[in-house]
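Each remark here refers to the structure printed beneath this line.
What you see is a predicted model, and the numbers here were worked out from it, not measured in a lab. Residue numbering restarts at 1 for every chain, and letters A, B, ... go by the order of the sequence lines.
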2 protein chains.
Amino acid sequence: MCTPYHNASCANCQDRFGSILFKAEKCNLEEIESAKVCTTYKKGQIVFQEGAYPFGIYCVNSGKIKLSHCGDDGREQIVRLAKPGDIIGYKALLSAERYTASAIALDDSSVCFIPKDLFMSILQKDASLSLEMMRILASELRKAELKITHLAQKPVRERLAETLLFIKETYGVEQDGSTLNVRLSREEIANLVGTATESAIRLLSEFKKDGLIELQGKKIRLLNPEELTRTANLQD
Amino acid sequence: MCTPYHNASCANCQDRFGSILFKAEKCNLEEIESAKVCTTYKKGQIVFQEGAYPFGIYCVNSGKIKLSHCGDDGREQIVRLAKPGDIIGYKALLSAERYTASAIALDDSSVCFIPKDLFMSILQKDASLSLEMMRILASELRKAELKITHLAQKPVRERLAETLLFIKETYGVEQDGSTLNVRLSREEIANLVGTATESAIRLLSEFKKDGLIELQGKKIRLLNPEELTRTANLQD
DNA sequence: CCCTCACTTTGATACCCATCATTGCCACCT
DNA sequence: AGGTGGCAATGATGGGTATCAAAGTGAGGG
């Protein structure tokens, strides 16, 4: 949404067209620009933490952010992957509660912060922005409910295949056209799928043996997306 | 939100205070009143169906409605339980897609219908209403993500205990103060928990043996909610 | 009244998958 | 080089659950 420099213009941001904030009326966008603060985070750094009170929302300018719950037994559950143009932290802000998930950088990232009061006041006077906000919320909710259904009904193998395709959808691929454009640990993949790390490893090996993917370290190449889709056994 | 009679006033609706629509400005609420259509549904009847295009939103006046996905293998997954005052069908409307879930009456119910164009236009001019709408969406999203984490990390036994408490939260209890105020089949309970019907039955029997609950037909009495909470192993 | 049908219950079985443990691999550091 | 720590891979095992099958229960209807 904004460049890493405080006085930069949102209008010059690399991913501005994908961002919700660009739906705001021009004068409001300018107001946001003048108030936002941009920060860079190194890989692994925390943007905000579960349990804390929100003071505003964040908009990803560059990099990759994971949003994850900490389950009751301490295991991580990744609930969302954010890319440039996405906003994060809005759920807690809108429901006026504490964060229910932590946001952690998967890569070196740059993230803009927009103070709570400003955002909420603009939300009240900018119908276009708030409609877009609702659209995002509804869409996230749809995805979440689909994930619930799949977690309840599908075996790990299918969910892993689906997750690989989801990662591709989200972060895309490298120049070769097939290598996933993000480095996730096996544990993170497992926490995205909702399974044990060892199961994720085992099934990735199986996929490799079946010629579906290629593995070298954390790089994952999707050799056969069509067959992977079939493995995921998706209806829609 | 409204009584079963077309010309009834939302202001007289039994659950109006719990309803989002009551957050709308007075003039807008009146506009809604004059346009809404109230329909009654017998137990088991469909309010709207997965895959159909939305023509408006619904507000539950009386009764109980379940919202459920149909999984890829045909098994049902219940994603929400709606009670009087709740609105349903907003997700599809806001994201401008087809319904991803069906709404089915669990009891004889009365539901108001508000046409799409009217609702969307009021949403655009009524900041208070749209803010409340966002609050609801954010809250639903929070619940969905918690459910994802629990599905991924908790055994069926804990999830069943949690579900029983959730049902109590949602629909309350009868005059005796402990019997759940809704009749769900074992299959529906299983589809809410995300497990097989037989597993749900078996664990309900265990709960009964352990003195946590009492069963007679579809009536379920929670004898020991505290112990049930402990069984659910909830952190928060 | 008994029949029927749907739902519930219980039992037996198999298997998916989590867990524990071990080994291997690689990068990094001293 | 050798040590160290983190992560990945593989194996062995047990348990939680799904599935299949069959019997029991209950309500409604002819």
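- Atom CG of B:Asn191 is separated from atom P of C:dC7 by 12 Å (rounded to the nearest Å).
- With hydrogens and angles ignored, no donor-acceptor pair closer than 3.5 Å exists between the side chain of B:Arg159 and the base of D:dT17.
- Summarising the geometry, the separation between CZ on A:Phe207 and C1' on D:dA8 is reported as 17 Å, rounded to the nearest angstrom.
- Panel note: side chain A:Thr197, backbone A:Arg186; no donor-acceptor pair is recorded below 3.5 Å.
- Among the nucleotides D:dT10, C:dC17, C:dT8, the one closest to the side chain of B:Ser185 is C:dT8.
- Side-chain N/O atoms of A:Arg202 and base N/O atoms of D:dG11 include a donor-acceptor pair closer than 3.5 Å.
- Which of D:dT19, C:dA18, D:dA8 sits closest to the side chain of A:Ser199 comes down to C:dA18.
- Using a 4.0 Å cut-off between charged nitrogen and carboxylate oxygen, B:Arg230 and B:Glu227 count as a salt-bridge pair.
- Checked by atom type and distance alone, the side chain of A:Asp108 pairs as donor or acceptor with a backbone atom of A:Lys43 at under 3.5 Å.
- Distance A:Leu215 CG to C:dC25 P: 16 Å, rounded to the nearest Å.
- Among the protein residues, A:Thr195 comes within range of the sugar-phosphate backbone only, with heavy atoms under 4.0 Å from sugar or phosphate atoms but none that close to a base.
- Rounded to an integer number of Å, the gap from CG of B:Leu203 to P of D:dT17 is 7 Å.
- Residue B:Ser205 places its side chain closer to C:dT10 than to any other of D:dT10, C:dT10, C:dC17.
- Atoms CD1 (B:Ile220) and P (C:dC7) sit 16 Å apart, rounded to a whole Å.
- What separates CD of B:Glu187 from C1' of C:dT9 is a distance of 15 Å, to the nearest Å.
- The B:Glu198 side chain lies nearest to D:dC20 when the options are D:dC20, D:dT17, D:dT10.
- As judged by a 4.0 angstrom heavy-atom cut-off over every strand, B:Thr197 is placed among residues making no nucleic acid contact.
- In this structure, B:Lys154 reaches neither bases nor backbone, as no heavy-atom distance under 4.0 Å exists between it and the strands shown.
- With a 4.5 Å cut-off on side-chain heavy atoms, B:Val111 and B:Ile65 count as touching.
- Distance, B:Lys218 NZ to C:dT8 C1': 10 Å, rounded to whole Å.
- Checking D:dC7, D:dT10, C:dC17 against every side-chain atom of A:Val156, the shortest atom distance belongs to C:dC17.
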Apply salt bridge (charged side-chain N to carboxylate O under 4.0 Å, His left out) to residues A:Arg80 and B:Glu145 and explain how you reach the verdict. CA-CA 9 Å; A:Arg80 210 180 129 213; B:Glu145 289 177 356; over 6 Å; no

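- Judged by atom type and distance alone, A:Arg186 does not reach the base of D:dT10 through any side-chain donor-acceptor pair under 3.5 Å.
- Between the CD atom of A:Gln216 and the P atom of C:dA27 there is a distance of 13 Å, rounded to whole Å.
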